[in-house]
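By convention here, the first residue in the shown sequence is residue 1.
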Amino acid sequence: MNVELLPPDNSLPLALDSSGTGIALQARNDIEAVTAWLMARGSRTSNTFDAYRRESARLLLWMDEKQLSLRDLKVEHVHEFYQLLAAPPAKWLRPRKTSRGEQLASTQVLTGPLAASSINFARTVLGQMCSYLQDAGYLQKNPFRLSAKPVIVTKSVSARSLDLTSWDWLWHWIIRMPRETDRETAHAVRTRWLFALLYHAALRRDEVAKGTMGDFVRTDGDWQLRVIGKGSIERMVTVNSVLLQELTIYRSWHELIPACPLPSETYPLILSVYKGHGKSSLTPRAIGKTISEVAAQAQATCPDEHIRDKISKLSTHWMRHTSATHRLKAGARLETVQDELGHKDPKTTRIYTQDLGEQRREDAERLARLQNGDI
């Protein structure tokens with residue numbers, strides 16, 4: 001079975017059925033049904049589509065091995081699929097890096113066992129898929145919704161962010177990046193601006209890729225950055241004095257006039273390293289790759305093993321966690337941090353307060369002082 005799911009711009013018969021059967025899909029098989037779901041629910045962003053396609057393709061490959069269809073799936077089958085993801089056989093594994101011309105088998109889709117959190121993500125996505133196909137009349141049951149949820153050990157946010165010492169070391173390392181050649185200089189300038197933007201604006205990599213210089217807005221002398229976040233929801237991120245200074249440094253190197261952006265500018269937030277190619281922007285994948293490469297270079301020269309361990313795991317989302325944690329540690333109000341990061345639910349923002357050890361120790365000591373009569 002060749003599991004080739006159609007891209008979102010392909011047409012597939014998808015219409016309300018008028019025969020009275022209650023089936024709203026004209027899908028002839030599981031692949032067409034899954035593709036219809038992808039087109040309807042996965043086309044919001046390229047990252048969403050890639051993630052949904054990955055999870056559904058794995059399931060279709062496994063079902064092909066077991067000679068099962070979506071309509072055949074029972075809860076027991078679903079649990080067996082989870083076991084495969086947690087302990088994949090050798091024929092399902094692929095090397096992390098493939099050599100040029102190397103041919104992989106169709107089942108070589110995993111680089112190793114999936115963590116419980118990743119398996120739970122698969123459960124959620126595939127459960128949504130089956131719910132959609134149920135509503136469309138293609139399926140009668142949703143075995144993923146009935147399956148057991150994997151036990152997940154929740155890690156603290158501090159395990160996914162840089163502490164102040166690590167960030168300070170990394171930032172000064174970035175400032176001192178080599179500039180002996182034009183190429184090194186261009187790379188250093190762009191790296192400094194990218195990390196300043198991620199740290200001070202707490203943007204997701206998709207938001208960075210989509211943003212333009214014209215999204216910087218000045219009102220009564222104060223600057224904000226217009227951001228289109230998840231669900232195409234617009235929010236305004238406050239531009240502090242350090243980020244504004246970094247912006248002018250970056251624009252000066254690119255010879256952009258004036259020092260601060262104009263509303264009509266269409267230059268991307270992250271310009272090409274080549275002067276004169278300013279309209280070409282980085283993709284979200286390229287931004288993530290840049291962060292990983294810079295982190296690898298930095299940690300290779302770091303003398304402190306604890307800092308080195310933190311930096312080696314750095315990603316764009318780590319930078320977002322780092323920004324939120326440091327804002328709260330500096331005394332920012334929970335409400336403003338929630339607005340800046342674009343969280344709908346304040347509970348999402350509150351997870352960052354769990355790692356403010358110093359403040360928690362101070363607050364805990366208040367009880368001790370009360371008992372001792374010092375308050």
Side-chain angles (χ1 to χ4, degrees), residues 47 155-175 190-211 215-217 222-230 233-247 249-250 269-270 282 284 287-292 294-295 298-299 307 309-360:
N47 283 347
K155 296 182 179 180
S156 68
V157 176
S158 62
R160 303 189 301 276
S161 63
L162 298 179
D163 55 27
L164 283 169
T165 303
S166 300
W167 166 246
D168 184 66
W169 185 92
L170 177 62
W171 178 243
H172 284 87
W173 181 90
I174 291 172
I175 292 176
R190 185 171 71 176
T191 298
R192 176 171 174 165
W193 168 237
L194 174 59
F195 274 83
L197 187 62
L198 292 174
Y199 180 73
H200 290 283
L203 303 184
R204 302 176 179 92
R205 65 182 190 177
D206 279 13
E207 295 168 349
V208 175
K210 293 177 182 177
D215 289 329
F216 283 98
V217 179
D222 294 325
W223 285 89
Q224 291 180 304
L225 177 61
R226 183 188 299 109
V227 177
I228 306 300
K230 283 186 175 180
I233 297 175
E234 180 183 275
R235 73 179 188 277
M236 302 302 290
V237 175
T238 305
V239 177
N240 63 24
S241 58
V242 173
L243 184 57
L244 187 60
Q245 180 183 13
E246 292 297 326
L247 173 62
I249 292 172
Y250 184 64
L269 287 180
I270 306 296
L282 286 179
I287 292 171
K289 183 179 179 182
T290 298
I291 298 298
S292 297
V294 170
Q299 65 95 17
I307 295 177
D309 179 65
K310 287 272 189 180
I311 293 175
S312 68
K313 302 170 184 174
L314 191 63
S315 66
T316 48
H317 217 67
W318 266 54
M319 289 299 302
R320 183 169 161 85
H321 287 310
T322 299
S323 176
T325 304
H326 291 189
R327 285 167 187 259
L328 292 167
K329 192 176 184 67
R333 293 185 294 273
L334 189 68
E335 295 82 5
T336 65
V337 176
Q338 178 186 347
D339 291 341
E340 296 287 328
L341 271 70
H343 290 156
K344 291 182 179 179
D345 191 339
K347 292 180 181 178
T348 305
T349 315
R350 279 190 59 83
I351 64 174
Y352 298 104
T353 65
Q354 299 171 5
D355 295 297
L356 303 182
E358 184 177 343
Q359 293 182 15
R360 293 175 68 182

Less than 4.5 Å apart, any side-chain heavy atom of [X] and any of [Y]?
X	Y	value
Leu247	Trp223	no
Ile249	Gln245	yes
Leu282	Arg190	yes
Val227	Leu203	yes

To the nearest 0.5 Å, how far apart are [atom1] in [X] and [atom2] in [Y]?
X	Y	atom1	atom2	result
Asp206	Ile287	CG	CD1	8.0 Å
Leu162	Lys313	CG	NZ	11.0 Å
Glu246	Ser241	CD	OG	10.5 Å
Trp173	Ile307	CH2	CD1	14.0 Å
Ile270	Arg205	CD1	CZ	14.0 Å
His200	Glu340	NE2	CD	12.5 Å

Nearest heavy atoms of [X] and [Y], plus distance in Å:
X	Y	value
Lys230	Arg204	CE-NE, 3.7 Å
Leu269	Tyr250	O-CE2, 3.7 Å
Leu314	Ser292	O-OG, 4.4 Å
Arg235	Gly229	NH1-CA, 4.0 Å
Ile311	Ala298	CG2-CB, 4.2 Å

Task: Expected output: side-chain Thr322 to main-chain Trp318 donor-acceptor under 3.5 Å - done: yes
- [ ] Spell out, as yes or no, whether a donor-acceptor pair under 3.5 Å connects the side chain of Trp167 to the backbone of Ser161.
- [x] no
Open item on the list: Is a donor from one side chain sitting under 3.5 angstrom from an acceptor on the other, for Arg320 and Thr316?
Closed with: no
TODO: Please check if any side-chain donor atom of Asp339 sits under 3.5 Å from a side-chain acceptor atom of Thr336, or the reverse.
DONE: no
TODO: Check the pair Ser166 / Asp163 against side-chain hydrogen bond (donor to acceptor under 3.5 Å, both in side chains), numbers first and verdict last.
DONE: CA-CA 5 Å; Ser166 300; Asp163 55 27; 2.7 Å; yes
Open item on the list: As a quick check of understanding, evaluate side-chain contact (heavy atoms from CB on, under 4.5 Å) for Leu194 and Ile291, giving each step before the final call.
Closed with: CA-CA 9 Å; Leu194 174 59; Ile291 298 298; 3.7 Å; yes
TODO: Mind telling me whether Tyr199 and His326 have parallel, tilted or perpendicular rings, with 30° and 60° as the class edges?
DONE: perpendicular
Task: Worked check of side-chain contact (heavy atoms from CB on, under 4.5 Å) between Phe195 and Leu170 - done: CA-CA 10 Å; Phe195 274 83; Leu170 177 62; 3.9 Å; yes
